[in-house]
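Please read the structure below before turning to the comments.
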Amino acid sequence: MSRLNNVVIKLWLTIIFIVTTVLILLSATLVTFIQSYFTQETEDSLLKDAKRISQLVATSDNKATAVEHSRKLIEGPVGLIIMNDKHMPNNNQDVTKRKMFKEIKSNKDYNRVFDEGKQISEHVPVSVNGQQRTYVLIGYPSKNLNANNEKGNNYSGVFIYQDLKTLEDTNNLITIIILVIAIISLAITTVFAFFLSSRITKPLRNLRTQALKVSKGDYSQIVPVNSRDEIGELSRAFNTMSSEIQQHIDALSSSKNIRDSLINSMVEGVLGFNDKKEIILSNDMAQNIIQILDDYSLDKLDRQKELTLKDQKTQFEEYEINTRYFVIITSYIEQIQPDGTSGIVAVIRDMTNEHNMDQMKKDFIANVSHELRTPISLLQGYTESIVDGIVTEPDEIHESLSIVLDETKRLNRLVNELLNVARMDAEGLTVDKKVQPIDRLLNKMQLKYQKLALDLELSIDLNPNTDGELWFYDSDRIEQVLTNLIDNATRYTDPGDSITISCGETDTENILYITDTGSGIAPEHLQQVFDRFYKVDASRKRGKQGTGLGLFICRMIIDGHDGSIDVKSELSKGTQFIIKLPKVNTDK
Ligand code: ATP
Ligand code: MG
């Protein structure tokens with residue numbers, strides 16, 4: 001900011017200007033008045049003297065003596081000329097007096113003193129010894145002093161003159177004094193005006209400093225309020241204003257924070273577009289999804305936005321990107337922007353799980369139909385061959401009936417698992433945990449699978465030594481789990497393979513390891529084998545087909561025990577399922 005734009009300097013200069021003007025006017029008036037006053041006073045006093053001399057000479061018997069006395073009394077700074085008439089000869093020795101004589105004779109105004117008896121006072125410039133001087137010359141009429149005068153001039157004249165130089169000197173001195181006083185006053189005023197203007201403008205300058213800080217976003221500034229005048233009120237209004245701005249900003253930013261955290265914590269992606277289809281709002285989820293959209297999907301989204309803006313109606317579109325499925329719902333929003341223009345809000349929902357679930361259900365229905373049709377057609381074929389008498393030999397009939405029995409069991413198993421899942425979905429799983437030895441159950445499993453193992457030429461060891469340890473579990477449910485796991489193992493093993501169960505523990509958990517040396521599960525399927533209806537087609541063995549529900553039910557049961565089930569597997573090396581059950585004292 002330039003110095004002259006500083007408010008202190010401006011005020012200061014203004015005060016100096018006003019004071020200077022006033023002082024100049026005052027001094028000029030004073031000087032003029034004093035000069036004219038002194039001149040007037042001098043003229044009046046000379047006039048009085050002239051009058052007195054005139055009267056003295058007129059009333060005196062010896063006029064010559066009177067004139068002589070008067071001359072002695074008055075002459076010095078003042079000169080006296082007494083003329084009987086205007087024709088009196090000029091025989092004065094004194095140069096000044098001679099010049100005055102000449103002036104009286106030549107100036108018509110002074111003739112009027114003799115002719116008309118008038119008083120005349122004039123300033124007469126006279127050059128004495130080469131110096132120009134101004135004299136005041138007073139003419140006063142007097143009764144004819146010369147009694148013998150026959151020609152009879154009406155009046156004689158008493159003339160008094162004085163050099164104005166002493167008066168001018170006095171005037172000059174007074175002028176100098178006035179000017180010195182004026183200059184001193186101006187100097188004092190200048191100093192005081194500076195302090196005054198900086199004091200008056202101090203609150204304003206404070207206000208300016210705080211206002212600059214506020215403009216930079218620091219709203220905590222408080223201006224000190226020291227007066228009750230307009231500036232004080234301004235400061236108070238400023239303080240109120242900045243605290244209100246602060247409150248508004250706090251309110252806005254807290255509502256923005258709430259909005260942001262709400263939008264960011266949403267599982268769905270949210271995008272806001274303006275009327276030019278540019279993104280004005282987005283959450284993390286939406287940004288992640290937008291990044292994986294390919295060119296085709298971006299084009300499709302663009303068309304969807306256009307349609308939404310045009311129809312002003314909500315649009316739904318499905319997108320498939322790298323085996324992931326999304327639904328984008330775009331809605332037209334009026335006045336989404338501060339300038340009142342409308343835009344679009346898009347909600348992006350990841351439908352991959354739902355889509356996979358749908359797909360699984362479809363597969364499941366296809367599978368179930370297939371599973372049902374195969375045993376039913378087998379049952380039909382074998383029973384028909386017996387009923388129609390095609391098979392007659394007892395051995396053949398026995399073989400057919402055992403196939404019928406097998407298929408009936410498979411049908412029964414299938415229907416039971418479906419019922420189980422349906423019941424669990426409807427009612428939730430009930431688990432009736434008890435503290436009981438685990439070896440009882442493991443022994444049972446060993447007996448249950450002994451015959452099958454022999455048939456399949458597998459070596460099984462399902463009953464490790466547990467020293468009668470007490471575990472906390474629902475015997476029927478865990479039996480169901482182990483049955484499914486061993487059942488699976490028998491299906492995905494070849495003759496010569498082994499299936500074993502071993503135990504372990506941590507401080508808080510009892511652990512069961514169900515290990516087989518079978519075909520194993522490919523890594524890409526490992527995470528999904530516990531999903532409902534999930535089956536790894538490629539690993540199907542022995543022609544027995546499952547429903548993909550076994551491991552799903554296992555996990556539900558183990559979850560019901562507050563435990564966990566996990567799987568490790570390597571293709572063509574084998575599979576291990578790990579079941580962890582909380583110990584009794586930790587299950588509170
Ligand atoms: P269900 O048990 O309902 O008759 P399922 O046995 O096919 O049908 P799950 O028990 O859930 O279904 O098993 C899911 C899939 O996991 C199986 O289809 C199979 O591919 C794979 N799997 C399970 N256990 C093993 C194992 N021990 N070895 C290799 N693959 C296995
Ligand atoms: Mg199974």
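Every number for a ligand or one of its atoms is a count from 1 in the order of the listing. Source: prediction; values computed, not measured.
- Under 3.5 Å, the side chains of Q315 and T308 contain no donor-acceptor pair of N or O atoms.
- The shell of residues lying under 4.0 angstrom from ligand 1, judged by heavy atoms, includes R491.
- K448 and T483 are linked by a side-chain donor-acceptor pair at a separation below 3.5 angstrom, with hydrogens and angles left out of the test.
- In T493, neither the side chain nor the backbone holds a heavy atom less than 4.0 Å from any atom of ligand 1.
- At a heavy-atom cutoff of 4.0 Å, ligand 1 is contacted by no atom of F530, backbone or side chain.
- Residues satisfying the ring pair (Phe, Tyr, Trp, His ring centres under 6.0 Å) criterion with Y325, sequence neighbours excluded, are H355.
- By the criterion of a heavy-atom distance under 4.0 Å, the side chain of T575, and not its backbone, is placed next to ligand 1.
- Residue contacts with ligand 1 leave out G518, since none of its heavy atoms falls under 4.0 Å from the ligand.
- Neither the backbone nor the side chain of L485 has a heavy atom within less than 4.0 Å of ligand 1.
- Evaluation of the salt bridge (charged side-chain N to carboxylate O under 4.0 Å, His left out) rule for E244 yields no partner, not counting sequence neighbours.
- Close N/O approach between V536 and ligand 1 is found [any backbone or side-chain N/O within under 3.5 Å].
- A salt bridge links K277 to E306: one of the charged nitrogens lies within less than 4.0 Å of a carboxylate oxygen.
- With no hydrogens or angles considered, a side-chain donor-acceptor pair links N443 and N463 at under 3.5 Å.
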